[in-house]
Amino acid sequence: LWSDILEELSLRNSALRPVAKHIFIFGDEVSGKQALISQLQGANVSFGSHKPSLGGLQYKYMDVRDEEADDHCKCSIWSIGQEALGDLLEFALNEDVFKHCILIIIVDLSKPWEIPATLSRWGLLIRDHLLNIGISSSEVDTLRPDVNEVIPDHEESKRPQIVVVATKSDAVTDLSESQLDFIQAYLRHWALIRYASLVYVSSKDGKNCDVLYTHLLSLLYGLSSKENTALVVERDGVFVPAGWDSITKIGLLYEGMSDFGPDTPFEDVITQPPATKISHDSAPLVVDDEQAFLLKMQTNLSKPASSALPANAAANSLLMGSSSSAVSSTRKMSTGSLPQVRPGAGVQSEQSITHFFNSLLMKKTSPGGAGTGGVSSPASKINDKSALYSDAKAELDRMNSNRKPSPNSAKTTAE
């Protein structure tokens with residue numbers, strides 16, 4: 001008898017113990033699901049440190065405590081990130097679980113142009129699965145994307161409990177106030193038709209995460225809280241519980257918009273920014289085939305070198321160093337006086353110098369190799385040397401004879 005009384009009191013005092021509760025989160029990859037789950041679990045996770053999704057249907061849980069009854073339990077959290085894996089829901093969401101669960105659809109405010117498509121895709125997935133587990137079509141037809149009006153006479157006990165969570169509310173700084181109001185009006189209208197709640201959250205700074213947590217406990221366990229009051233003043237901290245909103249309240253947002261209204265298509269107001277492309281001003285580089293490249297190099301190498309100096313120019317360049325050394329070693333020129341050259345002497349000098357250096361540059365064959373003129377005899381070598389000495393001596397004599405004696409040297413001679 002006493003055990004029956006204690007059990008009855010335990011069930012009456014605690015709203016957590018009788019039935020297990022479930023939260024199902026539907027959202028695209030990199031939409032903030034994992035960071036949101038970490039916030040619900042109460043983990044002190046810094047932004048960006050949570051592990052990425054591993055795919056599939058994932059399971060986690062969060063601890064729920066009833067302070068008044070001094071009791072606690074675990075609430076299951078299921079998450080899925082790809083519509084193609086929707087068949088996995090049959091292992092977690094059946095007709096019995098449906099009566100004690102909340103369905104969360106996540107939209108990413110950092111990509112606001114994807115909001116309509118995101119709501120449409122996940123709404124259809126949820127609708128199809130609920131139909132498969134035996135839920136009446138009249139209860140889930142509001143999840144169709146073509147429904148734009150509130151359908152009355154719904155049984156509140158059977159319709160799905162849906163919460164639209166707009167993540168990354170801190171990432172809407174690039175939008176104007178009119179655009180933010182337009183997005184809020186669109187989300188509130190969509191939630192109103194589906195009897196859903198709407199919450200803006202930021203896992204980066206924890207904004208409104210406590211509001212979402214308290215609202216979920218209120219829906220799941222009936223724990224009332226004064227924090228379930230609607231918040232529509234701050235554009236990045238919106239909270240609209242199910243049943244609070246109306247067409248009239250949403251219409252107040254359009255009063256401050258001058259360029260668009262309720263009938264304006266979403267894509268005309270919120271456009272996707274163009275993808276960043278790398279521009280190339282110059283023409284693309286074309287790489288030659290290896291064999292074609294080698295053939296081109298062979299052709300270039302077979303041509304005579306255009307940058308080579310002529311023999312006369314090479315000889316003249318060598319003369320500038322050689323002749324100055326020879327002249328300085330045989331005579332000492334006085335400072336301030338330069339040799340006087342007679343007209344026509346430059347041509348004769350150039351011919352002599354050219355002959356001199358051409359003789360030096362002539363290729364002579366060695367005894368161990370063949371040359372162009374055959375094997376040279378000792379007599380020819382002697383004649384070549386004699387010609388070189390004669391040319392050099394004649395050039396030095398000509399330069400000495402052309403030098404005009406300076407006044408100082410003449411005075412010295414007279415003395």
Side-chain angles (χ1 to χ4, degrees), residues 102-107 109 112 115-116 118-120 122-124 126-127 136-167 169 172 175-201 207-208 211-220 222-270:
I102 291 178
L103 309 176
I104 294 180
I105 300 178
I106 289 183
V107 294
L109 288 178
I115 289 178
T118 300
L119 293 173
S120 176
W122 290 117
L124 284 177
I126 294 173
R127 175 183 178 272
S136 173
S137 60
S138 61
E139 304 300 327
V140 297
D141 277 348
T142 55
L143 292 173
R144 299 200 322 264
D146 58 341
V147 177
N148 294 319
E149 297 181 358
V150 178
I151 302 177
D153 300 329
H154 273 259
E155 299 179 18
E156 183 177 353
S157 60
K158 290 185 179 181
R159 68 185 179 215
Q161 297 188 97
I162 300 175
V163 178
V164 177
V165 178
T167 58
S169 63
V172 294
L175 301 177
S176 65
E177 293 183 356
S178 297
Q179 288 176 315
L180 292 177
D181 290 341
F182 185 86
I183 294 174
Q184 181 187 153
Y186 182 90
L187 290 174
R188 287 172 59 179
H189 186 265
W190 192 96
L192 175 64
I193 295 174
R194 279 82 186 177
Y195 304 94
S197 302
L198 172 64
V199 188
Y200 279 33
V201 300
K207 189 177 184 64
N208 267 14
V211 175
L212 174 62
Y213 178 80
T214 304
H215 183 59
L216 294 178
L217 296 186
S218 175
L219 295 176
L220 289 172
L223 302 178
S224 60
S225 174
K226 62 180 180 180
E227 296 182 5
N228 280 331
T229 305
L231 304 172
V232 293
V233 177
E234 297 182 10
R235 291 183 172 87
D236 60 345
V238 177
F239 168 54
V240 180
W244 178 87
D245 219 345
S246 65
I247 296 295
T248 303
K249 293 178 181 178
I250 298 175
L252 296 176
L253 292 171
Y254 292 106
E255 293 181 357
M257 305 179 195
S258 58
D259 299 331
F260 23 81
D263 298 330
T264 305
F266 190 92
E267 60 273 12
D268 291 349
V269 181
I270 308 298

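Given the structure is predicted, the values throughout are model-derived calculations rather than measurements.
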(request) Identify which one of L119, V199, L103 satisfies the side-chain contact (heavy atoms from CB on, under 4.5 Å) criterion when paired with V164. (result)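 When side-chain contact (heavy atoms from CB on, under 4.5 Å) is applied between V164 and each of L119, V199, L103, only L119 qualifies.
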(message) Restricting to side-chain contact (heavy atoms from CB on, under 4.5 Å), what partner residues turn up for A185, sequence neighbours left out?
(response)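 So A185 forms a side-chain contact (heavy atoms from CB on, under 4.5 Å) with I250, L253, Y254.
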Which heavy atom in [X] sits nearest to a heavy atom in [Y], and how many Å separate them?
X    : Y    : answer
T118 : I106 : CG2-O, 3.4 Å
P112 : L175 : CG-CD1, 4.1 Å
T142 : R194 : O-NE, 2.5 Å
Y186 : P116 : OH-CB, 3.4 Å
I247 : L192 : CD1-CD2, 3.7 Å
A191 : S197 : CB-O, 4.4 Å

When rounded to the nearest 0.5 angstrom, what distance separates [atom1] in [X] from [atom2] in [Y]?
X    : Y    : atom1 : atom2 : answer
L143 : W190 : CG    : CH2   : 6.0 Å
D259 : Q179 : CG    : CD    : 10.0 Å
Q161 : L216 : CD    : CG    : 10.0 Å
L109 : Q184 : CG    : CD    : 10.5 Å
W122 : I162 : CH2   : CD1   : 14.0 Å
L231 : Y200 : CG    : OH    : 12.5 Å

(request) Name all pairs fulfilling the side chain to side chain donor-acceptor pair (under 3.5 Å) condition that reach into residues 231-251, sequence neighbours left out, sorted by first residue then second. (result)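 Pairs touching residues 231-251 that pass the test: D181-R235, R188-D245, K207-E234.
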Validation row: [X], [Y] side chains within 4.5 angstrom (heavy atoms):
X    : Y    : value
I115 : F266 : yes
I105 : I126 : yes
L212 : V163 : yes

(message) Tell me if a side-chain donor or acceptor on T214 pairs with a main-chain N or O of V211 at a distance below 3.5 Å.
(response)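 No: the side chain of T214 does not pair with the backbone of V211.
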(request) Determine whether the side chains of S176 and S178 contain a donor N or O and an acceptor N or O closer than 3.5 Å. (result)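 Their side chains do not contain a donor-acceptor pair, so the 3.5 Å distance test is not met.
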(message) Classify the ring geometry of H215 against F239: parallel below 30°, tilted from 30° to 60°, perpendicular beyond 60°.
(response)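 The rings of H215 and F239 stand perpendicular, inter-plane angle above 60°.
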